[in-house]
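As a basis for the values below, the full set of heavy atoms in this structure was taken, side chains included, without hydrogen atoms, waters or symmetry mates.
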Amino acid sequence: MSREYTQLEKNRLEKIERLREAGLEPYPHRVERTHTTQEALAAYTAAEVNGDAPENLKVTVVGRLRSMRPMGKITFAHVEDGSGRLQLFLRSNDLGQEKVDLFNRYFDLGDFIEASGELFRTRSGEITLRLEDFRIISKAITPLPAAKDEVVDGEVVRHAVLSDPELRYRQRYADLAVNLEVRQIFRIRAAILRALRDFLDGQGFLEVETPILQPIYGGAAARPFITHHNQLHQDLYLRISFELYLKRLLVGGYERVYEIGRDFRNEGVSFKHNPEFTQLEFYWAYADYQQVMDLTEEMLRYTARQALGRIQFEYQGQVIDLEKPWRRVQLSQAILEAVGIDIHAYPTADQLRAAMQAKGLAASPTATRGKLIDGMLGDYVEPNLIQPTFMYDYPRDISPLAKSKAGDPSTVERFEGFMGGMELCNAFTELNDPLDQEARFLEMGREYAADDEERHPMDEDYLRAMRYGMPPNGGFGMGVDRLTMLFTDRPNIREVILFPHLRERED
RNA sequence: GGGCGCGUAGCUCAACGGCAGAGCAGUGGCCUUUUAAGCCAUUGGUUCUGGGUUCGAAUCCCAGCGCGCUCACCA
């Protein structure tokens, strides 16, 4: 034990001793359960409706004690399991005063209990289990950080709720144990993942898994985490995207592939960035970015319907509607409207920078033309994109894996999807010309300083794959964490990640 | 990495230069249909850590640690 027990914990350790002295094992191996709490409630209600004698319904439930109200010779309590809550009623007439006292003296909030008896309704109408027997099945030593719950109009209202974000994230188990709505977030997250898989499977996509440990990272402009394989004496990178491996699979003959998994980017954290995050990417042979936009709309409508049961939802006070077709705006048009600069009129970085400075906009002296444009998008356009919007046709120099637009070599067929003021997804008509791709890698190498870790490394094996012939295809990537933020109305990515990264701390 | 804010009992918070407190939880007592049960009594503190100023510091100053917000960064 690295930490002294608190007085509250010492009290409970003492109770463990007393229980054992009384021959009651606080951590038994096996338990009985005939009903979940919700099944018990449903069974009672059904018996009432059928006119059966509901009071003869015997059940055994298990779960965690969430409230206790001892009143002398009787005690009320609530037990909570994965399905919900059920009130327990202990009466000395039924159990003997000794057992009621045992409960009151040696059972605490947070303990797990197995309880058997008959269901009835109290005077106030709550379906309740009148105990005929009960026992401890797991004793909690540390008290849960919640004081009390109150039921107001059927809603559980918590008092002195655990709210310190640091505690909630570091001790997510405690957060989940006391904050019901946090448990709901991760049910929705699971439903989102299931719906995305259902949808893509239904469209004939094959789910695959590609390496997380990679000798060369690529597919995005981000700094990687570096790790090391001892026996091979080889440094390896944690992947920053799946893109280059998934497109190799199109060369191999699969026409539709997707992967859902973890990406790792060694960069700053923010309300929408976590060092590891969950990404969906798919690649679709013989499709272009317009078709990918159509499929994206369909996929998100399906996902919302499956995960939320509806396709309108509220995000930070704004109702977002997935029903209507998404707005589709050319990036150059959006920037023209937002800041009054026609990027087509400024074909070089220096010209564009001068135009931005003339408008009083911040413009990095070292940024490429594409980065300047992307900067204006992020600062002046993105925060206002609340309703689902596709922004399309991006600068070539920030899109080294996307195919150029016919007749416009400075622009590529790329779109990003936005919602709730956040970038949600990114897609393009994929570049499948190996000679053009090689030239792009070389361009990237020139534009970034040699020591810039964002520099795209040359991936010779990827070029070799491409030379065998890659079908024309449309590719797509989406941050699943951000989609979960939107669907659960959470303003911070940490709220939708069970164990978000926090700085290490000694307890 | 920069700026701003926060860190007090298990939880939620007050005290803002002058005796460290409240509610809930805990402990003891009363209470046979309660439900934030109620009533009486009561325990519990390295005020994040380390320095400094002061007769006196939770409070003011400096440094550190952690968290939050924000800026930078993140095609």
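- Across the P atoms, B:C61 and B:G17 are found 11 Å apart, a figure rounded to whole Å.
- Regarding A:Leu372, its CG atom lies at a distance of 12 Å from the P atom of B:C74, rounded to whole Å.
- Contact of A:Asn426 with B:A75 (side chain to base): a donor-acceptor pair of N or O atoms is detected under 3.5 Å.
- A salt bridge between A:Glu416 and A:Arg482 is absent, with no side-chain N of the basic residue lying under 4.0 Å from a carboxylate O of the acidic one.
- Distance A:Asp393 CG to B:A75 C1': 16 Å, rounded to the nearest Å.
- One can place NZ of A:Lys10 at 17 Å from P of B:U43, the figure rounded to the nearest angstrom.
- Nucleotide B:G17 forms no Watson-Crick or G-U wobble pair with any nucleotide shown, as no partner meets the under 3.5 Å limit on both distances.
- Under the Watson-Crick or G-U wobble criterion, with both distances below 3.5 Å, B:U53 is left unpaired in every strand shown.
- Taking atom CD of A:Glu267 as the reference point, atom P of B:C74 lies 7 Å away to the nearest angstrom.
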Exercise. Start with the C-alpha gap between A:Phe89 and A:Phe120, add the side-chain angles, then the distance that decides, and say whether ring-ring contact (aromatic ring centres under 6.0 Å, His included) holds.
Key: CA-CA 10 Å; A:Phe89 177 55; A:Phe120 74 109; 5.5 Å; yes
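- When the C1' atom is compared between B:U8 and B:C71, the two are found 31 Å apart, to the nearest whole Å.
- Looking only at distances, no side-chain donor or acceptor of A:Arg265 sits under 3.5 Å from a matching main-chain atom of A:His273.
- Where A:Tyr394 and A:His501 each meet RNA chain B at their nearest nucleotide, the meeting point lying more 5' is that of A:His501.
- Under a 4.0 Å N-O distance rule, the pair A:Arg239/A:Glu281 does not qualify as a salt bridge.
- Pair check for B:A37 finds none; no Watson-Crick or G-U wobble contact set falls under 3.5 Å.
- Remark: B:G45 base-pairs with no nucleotide; criterion is Watson-Crick or G-U wobble with both hydrogen-bond distances under 3.5 Å.
- Annotation: B:A14 and B:G45 have their C1' atoms spaced 15 Å apart (nearest Å).
- Between A:Asp379 atom CG and B:C74 atom P there is a gap of 11 Å when expressed in whole angstrom units.
- Partners of A:Arg248 under the side-chain hydrogen bond (donor to acceptor under 3.5 Å, both in side chains) rule, at least two apart in sequence or in another chain, are A:Asp459, A:Asp461.
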Nucleotide N/O to protein N/O under 3.5 Å, stretch nucleotides 68-71 of chain B:
| from | atom 1 | to | atom 2 | distance (Å) |
| --- | --- | --- | --- | --- |
| B:G68 | OP1 | A:Arg494 | NH1 | 2.0 |
| B:G68 | OP2 | A:Arg494 | NH1 | 2.9 |
| B:C69 | OP1 | A:Asn492 | ND2 | 2.8 |

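- Base pairing annotation: B:U12 forms a Watson-Crick or G-U wobble pair with B:A22, both donor-acceptor distances under 3.5 Å.
- Within 6.0 Å of CD in A:Glu98 there are 12 or fewer heavy atoms belonging to other residues, nucleotides or ligands.
- Across the C1' atoms, B:U34 and B:C19 are found 41 Å apart, a figure rounded to whole Å.
- In this structure, CG of A:Leu144 is placed 15 Å from P of B:G10, rounded to the nearest angstrom.
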Quiz prompt | A:Tyr462/A:Lys247 under side-chain hydrogen bond (donor to acceptor under 3.5 Å, both in side chains): CA gap, chis, key distance, verdict | solution = CA-CA 9 Å; A:Tyr462 177 65; A:Lys247 283 196 282 188; 3.3 Å; yes
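- B:G68 is paired with B:C4 under the Watson-Crick or G-U wobble criterion, all donor-acceptor distances under 3.5 Å.
- Comparing B:C13 with B:C74, their C1' atoms sit 38 Å apart, to the nearest whole Å.
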Self-check item: side-chain hydrogen bond (donor to acceptor under 3.5 Å, both in side chains) between A:Tyr169 and A:Glu495, intermediate numbers included
Solution: CA-CA 8 Å; A:Tyr169 299 148; A:Glu495 289 290 337; 2.8 Å; yes
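- Here the nucleotide nearest the side chain of A:Ser163, chosen from B:A25, B:U12, B:A75, is B:U12.
- For the pair A:His273 NE2 and B:A72 C1', the computed distance is 12 Å after rounding to whole Å.
- Between the P atoms of B:C11 and B:C60, the separation comes to 23 Å (whole Å).
- Separating the CG atom of A:Asn11 from the P atom of B:G10 is a distance of 13 Å, rounded to the nearest angstrom.
- Distance from the side chain of A:Pro400 is smallest to B:A75 among B:U27, B:G66, B:A75.
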Could you run down the sub-3.5 Å N/O contacts of the protein with nucleotides 30-34 of chain B?
| from | atom 1 | to | atom 2 | distance (Å) |
| --- | --- | --- | --- | --- |
| B:C31 | N3 | A:Gly72 | N | 3.2 |
| B:C31 | N4 | A:Gly72 | N | 3.2 |
| B:U32 | OP2 | A:Lys73 | N | 3.4 |
| B:U32 | N3 | A:Asn93 | OD1 | 3.1 |
| B:U32 | O4 | A:Ser92 | OG | 3.4 |
| B:U32 | O4 | A:Asn93 | OD1 | 2.4 |
| B:U33 | O2' | A:Arg123 | NE | 3.1 |
| B:U33 | O2' | A:Arg123 | NH1 | 3.3 |
| B:U33 | O2 | A:Arg123 | N | 3.1 |
| B:U34 | O2 | A:Arg69 | NE | 2.8 |
| B:U34 | O2 | A:Arg69 | NH2 | 2.9 |
| B:U34 | N3 | A:Gln87 | OE1 | 2.9 |
| B:U34 | N3 | A:Gln87 | NE2 | 3.1 |
| B:U34 | O4 | A:Gln87 | NE2 | 2.4 |
| B:U34 | O4 | A:Thr122 | OG1 | 3.0 |

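- Under the side-chain hydrogen bond (donor to acceptor under 3.5 Å, both in side chains) criterion, A:Gln330 pairs with A:Asp393, sequence neighbours left out.
- Each side chain to side chain donor-acceptor pair (under 3.5 Å) pair with one or both residues in residues 372-381 of chain A, not counting sequence neighbours, would appear here, but there are none.
- Phosphate proximity of B:C67 to A:Arg170: present, with a side-chain N or O under 4.0 Å from OP1 or OP2.
- Separating the C1' atom of B:G7 from that of B:A75 is a span of 39 Å, rounded to the nearest Å.
- With sequence neighbours excluded, the residues satisfying side-chain hydrogen bond (donor to acceptor under 3.5 Å, both in side chains) with A:Asp350 are A:Arg353.
- Aromatic ring pairs are classed by plane angle as parallel below 30°, tilted from 30° to 60° and perpendicular above 60°; the pair A:Phe134 and A:Phe103 is perpendicular.
- Contacts of A:Lys272 with the nucleic acid, taken as non-hydrogen atoms under 4.0 Å apart, are absent.
- Distance check on atom P: B:C48 versus B:U43 gives 24 Å, rounded to whole Å.
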